Engineer: 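Take this structure, written in C-alpha cells, and hold onto it; I'll ask about it next.
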Amino acid sequence: MVEGRWRKRWADRGTHQTDLEHGERPYYALMMFPYPSAEGLHVGNLFAFTGCDIYARFQRLQGRTVFEPLGYDAFGIHSENHALKVGVHPMELIPRNIANFRRQLDRAGLMADWSRSVDTTDPAYYRWTQWLFLQLYKQGLAYKKAAAVNWCPSDKTVLANEQVVDGRCERCGAMVEQRFLEQWFFRISDYAGRLLGNLDTLDWSATTLQAQRNWIGRSDGARIRFRVLDPLTDAGSSVVAVTTEVRTGGTEIEVFTTRPDTIFGATYLVLAPEHPLVDEITAPMQAGVVADYRARAARQDLVTRRTNREKTGEFTGAYAVNPATGEMIPVWIADYVLMEYGTGAIMAVPGHDERDFEFATKFELPIERVVAGEGQTARTPLADGAYPGDGVLVNSGEFDGLGVSEAIPKVSAWLAARRAGEPVTHYRLHDWCISRQRYWGPPIPIIYCDACGTVPVPEDQLPVVLPNVADFKPDDSGVSPLARHEQWYRVPCPRCGKLARRETDVSDTFLDSAWYFLRYPSVPRDDVAFDPALTRKWLPVTTYIGGNEHAVLHLLYARFITMVLHDAGRLDFEEPFTRFRAHGLIIRDGAKMSKSKGNVVNPDEYIDEWGADAFRTYLMFLGPFEEGGDFRDAGISGVRRFLDRLWASVRDCSDEGAADDEVQRKLHATIKKVGGDIPALSYNTAIAAMMEYMNTLRRGERTPHRAEVEPLVQLVAPFAPHIAEELWEMLGHRTGVFDSRWPAFDPSLLARETVELVVQVGGKTRGKVTVPTTVTSDEALAAARADAGIAKFITGEPKKVILVPGRLLSIVV
RNA sequence: GCGAAAGUGGCGGAACUGGCAGACGCGCGGGACUUAGGAUCCCGUGCCGAAAGGCGUGUGGGUUCGAGUCCCACCUUUCGCACCA
C-alpha cells in the first residue's frame, strides 16, 4: 500500500525527472539497458539496476543532480528468432515486451527518468544509428570486404560462433559450412593501440580491464621476410646465401613472430591455406594435394577449425631461405596457421614452440635447439616436446650466449640491418563486422548504383525505415530477407537519379548499444543525435554499472565509437565511461538459474509477497555487489524483519528527553560506515551495519528517541526508498527524503576516553583490559598484571612488550 | 594451454594498511507473550572438552611477538580467452 502510494506521488510530482539544463553538480548514473525479452524482467536485471539506483540515490542525497535513464535494446537476432518461433511479428512483439518490462521496472522503485528513455527499434532512435554509420563511412572507417561466416545449410542462415556446437548448427544439427559473403566492417583495429593505452587511465573493475587487454591482445615482435627459392636459378644448392646480405627480389613470404631470437631454429615455413601466395609458389607436382587441402579447409566451419587440434597440412614443394642461416627450408600449408592473424604465415621453430613441434614430429621435419634453459646445453635433445621457456641462445651464430630477452631486440636489429625484417606490433583485435543478413535491425544506409557505385544515403533522407513485412524469415541466398522485397530496395540513386538498389543487410545490435548513452540526455531532440551543450555538461558518464558478459564487445565498441566521434570533433572526450563497475551474478540455491532447472526467480512474485523495498534490500544483502550471490527464499524474511522494526521504531519513537549517548555513538559510527560502504558498492556490509544499529536501538525493548531514528531513515532511503519516504513523512517532514541531505557524522562522538585492549601472552589471547586511550605500554603491562586471569600466564620478566594503540598488547615471554 | 579471481561455521557471507576470526542475516536451541504460533520480542549458537584448556580460515612449509591477510610449493573451484605464432 505504501509503495503504491509513493510511486504515484513520484510520478505526479516528477520526482525523478532531472532538470538537465539547470541542475548543478551533474551525476550521470548509467546502467546497461536490457533486452526486453518475452520472459520479462530477470532478477539479474533487477539486481544490476537496484545496485545502480542505490548509488544514484545516494549521490542525490549528497546534493548532486542525478540523471538515471533507462531504455531498451530491442533489435537483434535474439528477438527475431523468438518472433519466428512464436509466429508473431517483432513489430508487434517488441512493444508488448517493452510494456511488460516497463510495468515490472516501475514496481522496482527505480529513480529512472522515463521522460528520456530510448528504444533502439524506434526510427527516431535508429535514424541516428544510421547517421553514425555514415559518419564512419565519411571518415573512411567503414569498408566492405568478403569474409568467412558460419552458414547453416538447413536453417539457411548465418550463425554466430556461439551457435555452432561440434561443427553443427545448435538448433537443427546440420553440418555448418564456411561461406564467404561481402560484409561491412569498421576499422576498429586501427584504434587498437589507443584502445589499449587508454585503459590505464580508466577507473574500471580490474577484471574488465584485464578482459579488454586480453581481447585487444597486443604482441610485440618482428616481421621477417623469407625469399622463396626460384627452382631455375637456385637449383641444386642446399645452402644458397651466406650471411653477409640477403638477396632481394623475387617472391618473399613475410611472417610475424614474437620470438625473432629463435630464427636460427626456423626449419620450415607454414602458410595459412587461404594465403594469397599459395598458388604462386606451389610446385606443379604438389598442386593437386595442395588444392585439395585448401578446398577441405575452406569447407570447414570456423569453430571446428579453431578448436580442432589434430595437426594437418601439405608440403607445397617450394623452399625458402632462412635469412639467418642461409639454409633452404620447406614451405608448407596448414590450417593451424590463421590468415586473420599477423601475416597469415609463420616461421616454424619446432624446438621452441609446442604447435610447431607437434607438426614437425608428425611430418618428420627437422627440429633444432637454439635456446638452452637451465641445465640444458646446445646438444640437449628435444625429445619429448618443445622448450618454450627462457634461457640463452645456442646454435645461433654470433648471438650464442645471449639471454632471450636481450637477444630479441638484437636479432631484430640485425635482421633489419640486412633488410630481412623489422620490429612490429600486432594486435589480436579484428575489424568489427557490422553486417547482419537478417531482418530485425536498422538497415545499413547505403545505396548501390550501377553508374555511381556505392553511395551513402544523404543524411536528410534518414531514417531508412525498416519495412513492416510479413515475410522476414532468412533464406539460403546469403543475403538479408529484405533482398526479397523489391519495392523496398529499388530506389533512385541519390546522386544520378537512376534506378539503384539499397543495401539489404542490417547492422549489428552492438552498434545500437555503442552510443545509446550519448542519446539519453538529448532524447526529445529530433534534429541532432546528441545536443552539444547537454553532452558537454553530462558526459562522460560518471558511473556505469553492468554485467561482465559485456566486458569485451559492448564496452570496446562504445569506446571505439566515442573515439571516432572525438576525432571527428563531435565530442570533447575520448573515453565514454569514467568509472565502470561490473556487478556479479545471482545464482539460485547454489545453481545457475535456468528455465530447464525451473529455478528462475520471477521478481513479480517476490515483490507481491515481500514488497519492492524488502526485495531490493535483500538482493543487495545476499552478497558483495561486484560478486553476486546466492538467492535463497529463506533470506528475505530477515531483511523484511529489519524494515518492519524500522517502521516500529519510527512509530514508537519519542521526542521527550535526549538521545542516549551510547546509541548516539553507534549511530555516528553507522553513518560513517554506510557512507563509506555505498561508494565502494559494499552494499551488503552497509545493510549489516544498519541492522547492527537497529539491534542497538531496540536492545532491551527500549523506546528509541526521535534523534536516534531520523538519520537512520535517511541511511535506509537508497535501499528502501518507498518506506523511507513514508517514514520521513511520518516524522513530520513536508518535503521528500531525497530532497534532504545525507546526515553528517560527528567524529568527536567517536572519540573515547578508555579503550579495551586485547592482551596476548606468548602469542595467545589471554584476556582484555580496559585502559585510558593514552596508555603507555608500561601502564598497559601493569594493568595486565593486575588481572589475575592474565597474570598467571606471565612467567618471569617479559622479553618484549608490544602495544598496538587502541587494539592490543602483546607480551613476549 | 594462457590469463584472472576465489577457497572461512549447518548455509549466505564479515574481517581497513598483518592485531579479539566468524560481524550481519538465515537456520538451529532455549525463554517470554499467547487458546494457538510457522506472528512478535528477548537470550544463546565455530569444533572438542565437565572444566581448566586445547584446536580451528583448502593442503604442506616459511617469515613474525602476532598470519584468513605476507612469502614459497601444491590441491580444488569458478570465470574469460583459446592453434593469436
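Values reported hereafter were calculated over all heavy atoms of this structure, with side chains retained and with hydrogens, waters and symmetry mates removed. What you see is a predicted model; the values in this text were computed from it and never measured.
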Engineer: If you compare every side-chain N and O of A/Asn684 against the phosphate oxygens of B/rA14 (OP1, OP2), does one of them come in below 4.0 Å?
Structural biologist: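 Checking B/rA14 against A/Asn684, a side-chain N or O does come within under 4.0 Å of OP1 or OP2.
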
Engineer: If you check every side-chain atom of A/Tyr341, which of B/rC81, B/rA4, B/rA85 has the closest atom?
Structural biologist: B/rA85

Engineer: Partner lookup for B/rG7, please. Criteria are Watson-Crick or G-U wobble with both distances under 3.5 angstrom; report none if nothing qualifies.
Structural biologist: B/rC75

Engineer: Indicate whether OP1 or OP2 belonging to B/rG53 is found under 4.0 Å from a side-chain N or O atom of A/Lys792.
Structural biologist: yes

Engineer: With sequence neighbours left out, write down each residue that passes side-chain contact (heavy atoms from CB on, under 4.5 Å) with A/Arg641, or none if nothing qualifies.
Structural biologist: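 Per chain and number, A/Arg641 pairs via side-chain contact (heavy atoms from CB on, under 4.5 Å) with A/Ser637.
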
Engineer: Please determine, for the side chain of A/Met691, which listed nucleotide (B/rG25, B/rC20, B/rC11) has the closest atom?
Structural biologist: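 Side chain of A/Met691 sits closest to B/rG25.
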
Engineer: Is A/Thr685 close enough to B/rG13 that one of its side-chain N or O atoms is under 4.0 Å from OP1 or OP2 there?
Structural biologist: no

Engineer: Keeping the roles fixed (side chain from A/Arg369, backbone from A/Leu382), state whether a donor-acceptor pair exists under 3.5 Å.
Structural biologist: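 Checking the backbone N and O of A/Leu382 against the side chain of A/Arg369, no donor-acceptor pair under 3.5 Å is found.
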
Engineer: Rounded to the Å, how far apart are A/Asp353 CG and B/rC83 C1'?
Structural biologist: 9 Å

Engineer: A/Asn695 side chain N/O closer than 4.0 Å to the phosphate oxygens (OP1, OP2) of B/rG25?
Structural biologist: yes

Engineer: Could you please name the option among B/rC16, B/rC81, B/rC20 that lies closest to any side-chain atom of A/Arg807?
Structural biologist: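 Out of B/rC16, B/rC81, B/rC20, the nucleotide with an atom closest to A/Arg807's side chain is B/rC16.
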
Engineer: Could you run down nucleotides 61-69 of chain B 5' to 3' and tag each one B, S or - for protein heavy-atom contact under 4.0 Å?
Structural biologist: ----B----

Engineer: Please report the distance, rounded to the nearest Å, between CE in A/Met620 and P in B/rG12.
Structural biologist: 19 Å

Engineer: Less than 4.0 angstrom between a side-chain N/O of A/Arg641 and OP1 or OP2 of B/rC24, yes or no?
Structural biologist: no

Engineer: Is the distance from OP1 or OP2 of B/rC42 to the nearest side-chain N or O of A/Arg645 less than 4.0 Å?
Structural biologist: yes

Engineer: Is A/Asn322 reaching over with its side chain to a backbone N or O of A/Ala266, donor-acceptor style, under 3.5 angstrom?
Structural biologist: yes

